[in-house]
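Before any comments, here is the structure.
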Amino acid sequence: MASLKVYNSLTRQKEVFTPINAPYVGMYVCGPTVSGESHLGHARPFITFDVVFRYLQHLGYKVRYVRNITDAGHFEEEGREAEDKIATKAVLEKLEPMELVQKYTNMFHWAMQQFNNLPPSIEPTATGHIVEQIEMIKQIIADGYAYEANGSVYFDVEKYNTDFSKKGQPYGILSGRNLEDQLDTTRELDNQDEKQNKSDFALWKKAPPEHIMRWQSPWGEGFPGWHIECSAMSSKYLGKKFDIHGGGMDLQFPHHECEIAQSTVCNHVAPANYWLHNNMITINGKKMGKSYNNVIKLSELFAGTHPILEQAYAPNTVRFFILQSHYRGTLDFSNEALIAAEKAAKRLWEAYEWLSKQQVSDATPAATDIELDKKVNALVDDFEVFMSDDFSTPKVLANMFELVPIINGIKDKHTPITALSNSTVLHLQQSLKTYLEDIFGLVAPSAANTAVLDGVLQLLIEVRSQAKASKDFVTSDKIRNQLMALGIQLKDEKDGSVSYSVSN
RNA sequence: GGUCCUGUGGCCGAGUGGCUAGGCAGAGCUCUGCAAAAGCUUCCACAGCGGUUCGAAUCCGCUCGGGACCUCCA
């Protein structure tokens, strides 16, 4: 098993990954808030950690991957007025929060399937764990690190910081902030007067009358604070201390910082050993935001319906595009870049598909081109080296692209397959399959070919070949050009056969 | 304003102080009835200014630009 290194946000350096209780690995990733439709920004963390999940399993770990659904909070449906929440309407007319939550949860699951993300081992909901959250808050109060004020409960950040700094665990340990720097810079918010200090954060919020999601608690009717759900669910399903906590960089502060504080008080131990954060996606060099009007929903992305988009982009193209950059760098989204990714993914996949159909027995036990054989083995062997170096998917892909001309050279008979030993060919075939399909989770870029379509195309190819044989190029070109207009490209191979590829 | 990240060729993106990243686009050639596809070759780079060094895209400083976060919003 290769020694995996990961960049730990907590220590700000790459570290060898050592599970607490190998071969078991516990991984928690902050999931979506299902109060709206998922957008392009959501694609990055969930694809990134899907690949982490897949790679850990590839290395032989038994991973429990927990990703929550945040379905508790403040909900409004687009287009509906606040009056909808008032109880004077009939039950079926009123905004029912669980109906909204269900709708957006379904859409989220649909998008994850489109991306070919594996489902997490457990996908707990915040509303399903209110009891656990209340218990946790009670514990924090009992330990003296939270206080009640007017039906709400706040975490005492000052006290926590004072006490835990002595143990080397100050508030700000993850984000690199220190408490003193922040006190002056906070903007004005509601209910600040309830807090003893501006840096305190809510564990439980009293529900105002119009708030539609509310639960009974020792402090009255209300709803849980923003951060507590992840602490409650991660410790319930992964234990007080687990291996990996992941999420977007935007969550590092305050969300993850607060999780650490809460869990450390409750469980007397910091929650996770390794904190992994993916960077953000920008669009044409600008961050995604409502003010720029560049928030692209995933359904719009796949259909090409957002004004920014010049065409539709297949989920697989987006996935490939994301894997072409390292997860900790920002990634700029543009039509030009996506179109380039689409073409690149196609070229890579077609070479892979062709190779996977070749019989290894056609090669020979010993390579006739020792240099090439060595080169191929070196390129393939580096897949694992690169992936084990903090998941360097772009470097693995670069190596794959160096293999493409070699594979196509064999296909076009520039290079005999016997140049490589049969063990090398087998190694190449298996490694490409493992990395492209099992770890990267990529799929064939073209639309699904049905048996019927294939039959029709074989017929057309045969007719065209006959036309060509009798020098009837008008007919042969007509078949070729009209198929092209339909998105079906015919390719005259070197050996006289004809293949085709279907674009979406 | 504070904390942190970042600035690579037409576009997207790797990058260890000295050795080709890779993809897409462009140019030439080969193959082809013509194309496409594919193969081969090739152009284009390290924001700016200083410094350290035998040598810096890679280390340090400054300037300019971009980005994230700065608490009840997930």
Side-chain angles (χ1 to χ4, degrees), chain A residues 12 30-36 42 68 70 72-74 126 152 154-155 157 172 175-178 180-187 189-192 194-195 198-205 223-227 229-230 247-255 257-258 277 279-280 282 285-287 320-321 324-326 328-348 350-351 354 386 392-402 404-409 411-415 468 471 473 476-477 480-481 484 489-494 499-501:
Chain A
R12 294 170 189 79
C30 294
T33 302
V34 285
S35 62
H42 292 115
N68 67 297
T70 297
H74 181 68
S152 294
Y154 295 95
F155 189 92
V157 171
S175 55
R177 293 155 203 273
N178 68 68
E180 292 74 36
D181 288 345
Q182 295 177 50
L183 299 180
D184 305 328
T185 58
T186 314
R187 60 191 174 200
L189 293 158
D190 295 341
N191 299 328
Q192 288 288 8
E194 288 179 357
K195 295 187 192 175
K198 280 188 170 182
S199 54
D200 294 350
F201 58 88
L203 294 170
W204 186 265
K205 287 286 285 181
F223 56 98
W226 170 32
H227 312 296
E229 59 166 291
C230 287
M249 264 181 194
D250 53 334
L251 298 177
Q252 197 168 349
F253 189 89
H255 184 56
E257 198 72 62
C258 295
H277 290 100
N279 216 317
M280 316 309 282
T282 56
K286 300 221 180 229
K287 67 172 176 176
F320 180 87
F321 174 67
Q324 256 192 319
S325 72
H326 190 266
R328 280 191 292 108
T330 54
L331 172 61
D332 194 52
F333 180 98
S334 65
N335 283 287
E336 211 175 350
L338 260 286
I339 289 167
E342 184 179 273
K343 290 182 181 175
K346 188 178 174 205
R347 191 161 87 95
L348 177 59
E350 285 178 356
W354 180 85
F386 293 148
S392 288
T393 56
K395 292 177 112 178
V396 176
L397 286 172
N399 270 24
M400 288 180 179
F401 276 106
E402 294 207 41
V404 166
I406 297 172
I407 294 169
N408 285 334
K411 180 185 172 190
D412 290 348
K413 316 275 193 212
H414 296 147
T415 311
K468 276 176 69 177
K471 307 253 188 248
F473 297 123
S476 68
D477 287 356
R480 185 178 70 195
N481 296 338
M484 191 67 204
Q489 183 181 47
L490 296 185
K491 297 173 191 172
D492 292 325
E493 303 291 352
K494 290 281 185 284
S499 66
Y500 64 89
S501 67

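Treat the numbers as computed from the prediction; the structure is a model and nothing was measured. To find a chain, count down the sequence lines: A is the first, B the second, and so on, and within it residues start at 1. What's counted below: heavy atoms across the whole structure, side chains too, no hydrogens, waters or symmetry copies.
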Please test A:R480 against A:K468 for side chain to side chain contact (heavy atoms under 4.5 Å, CB included), starting from the C-alpha separation and ending with a verdict. CA-CA 11 Å; A:R480 185 178 70 195; A:K468 276 176 69 177; over 6 Å; no
Between protein and nucleotides 15-27 of chain B, map the contacts as a letter string: B base, S sugar-phosphate only, - none, heavy atoms under 4.0 Å, written 5' to 3'. ------BSSSS--
Whole-Å distance, A:K491 NZ to B:rA36 P, equals 13 Å
When the nearest nucleotide of RNA chain B is assigned to A:N279 and to A:P254 on a heavy-atom basis, which residue is associated with the more 5' position? A:N279
Gap in Å between the two P atoms, one belonging to B:rC12 and one to B:rC19, rounded: 26 Å
Sticking with atom P, work out how far B:rA35 lies from B:rA47, rounded to a whole angstrom. 42 Å
Evaluate whether atom NZ of A:K491 has more than 12 neighbouring non-hydrogen atoms of other residues, nucleotides or ligands under 6.0 angstrom away. yes
Base paired to B:rG1 (Watson-Crick or G-U; both N/O distances under 3.5 angstrom): B:rC70
Pick base, sugar-phosphate or nothing for A:S476, based on heavy-atom distances below 4.0 Å to the nucleic acid. base
With rounding to whole Å, what would you report as the distance between B:rC31 and B:rC44 at their P atoms? 28 Å
Using whole Å, report how far CD1 of A:I407 lies from C1' of B:rA37. 16 Å
To the nearest Å, give me how far apart NZ (A:K205) and P (B:rU71) are. 14 Å
Starting from C1' on B:rU30, measure out to CG on A:D412 and report it in whole angstrom. 11 Å
d(CZ, A:R328; C1', B:rA14) in whole Å: 13 Å
Whole angstrom value for the distance that separates P of B:rG13 from CZ of A:F386: 19 Å
In this structure, how many angstroms lie between the C1' atom of B:rG13 and the CG atom of A:L338, rounded? 13 Å
Could you list all N or O pairs between the protein and nucleotides 41-44 of chain B that sit under 3.5 Å apart?
none

Between A:D200 and A:F473, whichever has its closest RNA chain B nucleotide further toward 5' is A:F473
Within the distance-only criterion (no hydrogens, no angle test), does the side chain of A:E257 pair as donor or acceptor with the backbone N or O of A:S175 below 3.5 angstrom? yes
Roughly how far apart, to the nearest Å, are B:rG66 and B:rU8 at atom P? 13 Å
For A:S325, which contact category applies under a 4.0 Å heavy-atom criterion: base, sugar-phosphate, or nothing? sugar-phosphate
Categorize A:D492 for me: base, sugar-phosphate, or nothing, with a 4.0 angstrom heavy-atom threshold over every strand shown. base
A:N408 CG to B:rC40 P, in whole Å, measures 9 Å
Using atom C1' of each nucleotide, how far apart are B:rU58 and B:rG15 to the nearest Å? 8 Å
Side chains of A:K411 and A:E350: does their closest heavy-atom pair fall under 4.5 Å? no
Determine the interatomic distance between P on B:rA36 and the same-named atom on B:rC24; round to the nearest Å. 16 Å
For a ring pair (Phe, Tyr, Trp, His ring centres under 6.0 Å) with A:H227, tell me which candidate from A:F201, A:W204, A:F253, A:F155 qualifies. A:F201
Give a yes or no on whether a donor-acceptor pair under 3.5 Å exists between the nucleobase atoms of B:rG33, that is its base, and the side chain of A:D477. yes
Classify the nucleic acid contact of A:F333 as base, sugar-phosphate or nothing, counting any heavy atom under 4.0 Å across all strands shown. nothing
Can you tell me how far P in B:rC62 sits from the matching atom in B:rG23, rounded to whole Å? 38 Å
